[in-house]
Amino acid sequence: MTVLLAIGFILLHAVLILLMPTHAMAASYAFLVTAPLLAAASALRRGLIAGLSPAHGWSLAALSLLLWTLGMISSLRLDLFAGNSNEAPGETMLLYILYGVPISYAVATVGAESSSRVQRGIDAILAISLGYLYFALMFSWTTLHGASSARSAEMITYMFDIENAFLVVATAIRLLAADALKTRHLFGVLTAFTMLYALAAAYYNHHVAMDVAPNIGSLYDLIIDVPFLVFVILAWRAPPRVVQGLNPSVALVRFVRIGSPLLLALSVLAIALLLLRQRFSLGVAGVILAVIGYGLRSILSQVRQIEAQDVLRHDRTALTELAFRDDLTGVPNRRAFDAAMEREWRIAQRTQRAIALLLIDVDMFKLFNDRYGHPAGDACLREVATVLRQAVQRPADLLARYGGEEFALILPDTPLAGAYEVAARLCASVRHINLQHGDSPLGRVTVSIGVASIVPTIDTTPQKLVASADRALYEAKRNGRNRVELAV
Ligand SMILES: Nc1nc2c(ncn2[C@@H]2O[C@H](COP(=O)(O)OP(=O)(O)OP(=O)(O)O)[C@@H](O)[C@H]2O)c(=O)[nH]1
């Protein structure tokens, strides 16, 4: 439907030029102003549909198109009401040039790394400076009344060529590296538009305006309608399949995401360098601004990267903590026990010092659960863990929940006698909290502890230490519970 309307638009444009030869200029201007206005309206509409981040890009596209429309209106005013005869009046040329600034800003900022306010502020300052430098460069070749010579008019045409080529490359790179469909749609439309516009403008500026038809009102004007109408058609519909199917490589996406904010600084630098010959101090100021803008942006990017790394490191530490901690009791879990045992065993092997292991089991815990319920059982385990943790004194000792109602304590550099002392203290500590247990002979919660200690040799393993402590624990249970037994 939009395609048919666009064809109708062009046909009507042609028919009116042919039917009204005396008013061809006015008739043609009406179409040349309407076409970019329609494109701006369709960009705004798409922005409203797309929502947030790309909306900002669509609004910038609309602003670009409006600036271009103003350029055409300015040309209309001069041609129809001021009897202009110069091809390159400054005001009109400037508006055409400024049209590229919002698109450049969109290329630099949409979906890019510039999410902080300061970064966006720097981008905005650079974009405005870019506009001002364009302005200065433009008025070094022309005045409000027009270019002083054919050479100056030609220079302005080249400036358009450079700007248009730059916009094609910039939008195409963003299209190729857009990972989100909405961003891809935005830059897909902008790439198609800037390409067609660059071709149309180059043909019109170099061939039509210079040689065959210097004034508006010829059939050549239809060429100018085309890019804007294509913009309307593409922005009106949902993204076509070819755009949906693009699948950029992660490396390219990252490169462009990080690099695109630098585009503005580089553009300011390029225009400032061009200005150096005509307006030296302004050119130098532009170069300095570009360098400072680039530097500040890089610093801010690095600050954000370091912040992100800090958050990651913090999260990783928290995750590791979680992975090695028992949820219920807060003491290290079985995984942490295994790692610690491995580590301490190797140290003991190297130093030839004894390593002791205590296996601590809550007595008649099944009956406790049955009588008081599972939640009360959980609370009991938490309390026992707290008491055990408090009773462990050396920093190198590691208390862990071994499984179920069983805890384990690794005591590096501890012979059997010392380990027995610790076990007896733990046993007494649990008894002294006086946690009621109606089905236990003592009427309160107690623990049994099996103790083993080994000086590791070539043919012993940590598993042997665990098995010895386990046998001792079994003995403690068999001998009446609430007691410590040593492995023989
Ligand atoms: N509430 C609670 N109970 C648990 C948890 N883990 C294991 N248990 C229970 O602990 C009980 C252990 O029972 P048993 O292995 O028969 O040992 P016991 O009843 O303590 O008997 P003895 O060890 O011979 O004194 C089982 O009923 C398990 O369901 C836990 O995280 N919370």
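All values below come from the heavy atoms of this structure, side chains included, with hydrogens, waters and symmetry mates left out. The model shown is predicted, which means the values in this text are computed figures rather than measured ones.
T386 places a side-chain N or O within donor-acceptor distance of the main-chain N or O of R382, the cut-off being under 3.5 Å. Listed for the R401 side chain is no donor-acceptor partner under 3.5 Å among the backbone atoms of F407. Side chain of S75 to main chain of G71: no donor-acceptor pair is present (N/O by atom type, distance under 3.5 Å, no hydrogens or angles). In this structure, T183 contributes its side chain and A178 its backbone to no donor-acceptor pair below 3.5 Å. With Q278 contributing its side chain and L137 its backbone, the two residues share no donor-acceptor pair below 3.5 Å. For R335 (side chain) and A323 (main-chain N/O), a donor-acceptor pair under 3.5 Å exists by modelled atom type. Checked by atom type and distance alone, the side chain of N164 never pairs as donor or acceptor with a backbone atom of A202 at under 3.5 Å.
Shown here is F166, whose CZ atom has more than 12 heavy atoms of other residues, nucleotides or ligands within 6.0 Å. Around the NE2 atom of H23, the shell of radius 6.0 Å holds no more than 12 heavy atoms that belong to other residues, nucleotides or ligands. Remark: D327 CG is loosely packed, at most 12 non-hydrogen atoms of other residues, nucleotides or ligands lying under 6.0 Å away. Around atom CZ of R389, more than 12 heavy atoms belonging to other residues, nucleotides or ligands sit under 6.0 Å away.
To the nearest 0.5 Å, atoms CD (Q305) and CG (L312) are separated by 11.0 Å. Distance CG/L411 to CZ/R394: 6.5 Å, rounded to 0.5 Å. With rounding to the nearest 0.5 Å, the separation of OG1 in T191 from CG in L176 is 7.5 Å. The CD1 atom of I125 sits 13.5 Å away from atom CZ of R120, with the distance rounded to the nearest 0.5 Å. A distance of 12.0 Å separates CG in L357 from CD in E344, rounded to the nearest 0.5 Å. The structure places CD of E91 at 5.5 Å from CG of L78, a figure rounded to the nearest 0.5 Å.
Here the closest non-hydrogen pair linking L282 and A136 is CD2-CB, 3.3 Å. Here the closest non-hydrogen pair linking A61 and L190 is CB-CD2, 4.0 Å. What you find for L196 and P227 is that their closest heavy atoms are CB-CB, 3.9 Å. Across all non-hydrogen atoms, the minimal contact from A340 to L398 is CB-CD2, 3.7 Å. When every heavy atom of A385 is checked against every heavy atom of V331, the shortest pair comes out as CB-CG1, 4.1 Å. When all heavy atoms of I233 and A6 are compared, the pair lying nearest together is CD1-CB, 3.8 Å.
Note that R46 lies outside the cation-pi zone of W236, set by a 6.0 Å cut-off to the ring centre and a 45° limit from the axis.
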Check: After noting the C-alpha distance and the side-chain angles of D79 and Y29, does the key distance pass the side-chain hydrogen bond (donor to acceptor under 3.5 Å, both in side chains) rule?
Finding: CA-CA 10 Å; D79 271 352; Y29 265 124; 2.5 Å; yes

Check: Do F193 and L65 pass the side-chain contact (heavy atoms from CB on, under 4.5 Å) test, and can you show the C-alpha distance, the side-chain angles, and the key distance before you say yes or no?
Finding: CA-CA 11 Å; F193 170 74; L65 293 162; 3.8 Å; yes

Next item on the list: Evaluate the side-chain hydrogen bond (donor to acceptor under 3.5 Å, both in side chains) criterion for residues T171 and T194: first the C-alpha distance (whole Å), next the side-chain angles of each, then the deciding distance (0.1 Å), finally the verdict.
Entry: CA-CA 8 Å; T171 51; T194 52; 3.1 Å; yes

Check: Under the salt bridge (charged side-chain N to carboxylate O under 4.0 Å, His left out) criterion, do R297 and D123 qualify, and how do the steps go?
Finding: CA-CA 9 Å; R297 266 205 130 285; D123 289 341; 2.7 Å; yes

Next item on the list: Step by step, work out the side-chain hydrogen bond (donor to acceptor under 3.5 Å, both in side chains) result for S28 and H13.
Entry: CA-CA 7 Å; S28 196; H13 189 169; 2.8 Å; yes

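In this pair, F228 and W68 present their aromatic rings tilted. The plane angle is within the 30 to 60° band. Between Y203 and Y220, the ring planes lie tilted relative to each other; the angle falls in the 30° to 60° range.
Side-chain contact between D161 and Y158 is present, with at least one heavy-atom pair separated by less than 4.5 Å.
The ring of Y99 has its center closer than 6.0 angstrom to the ring center of Y197.
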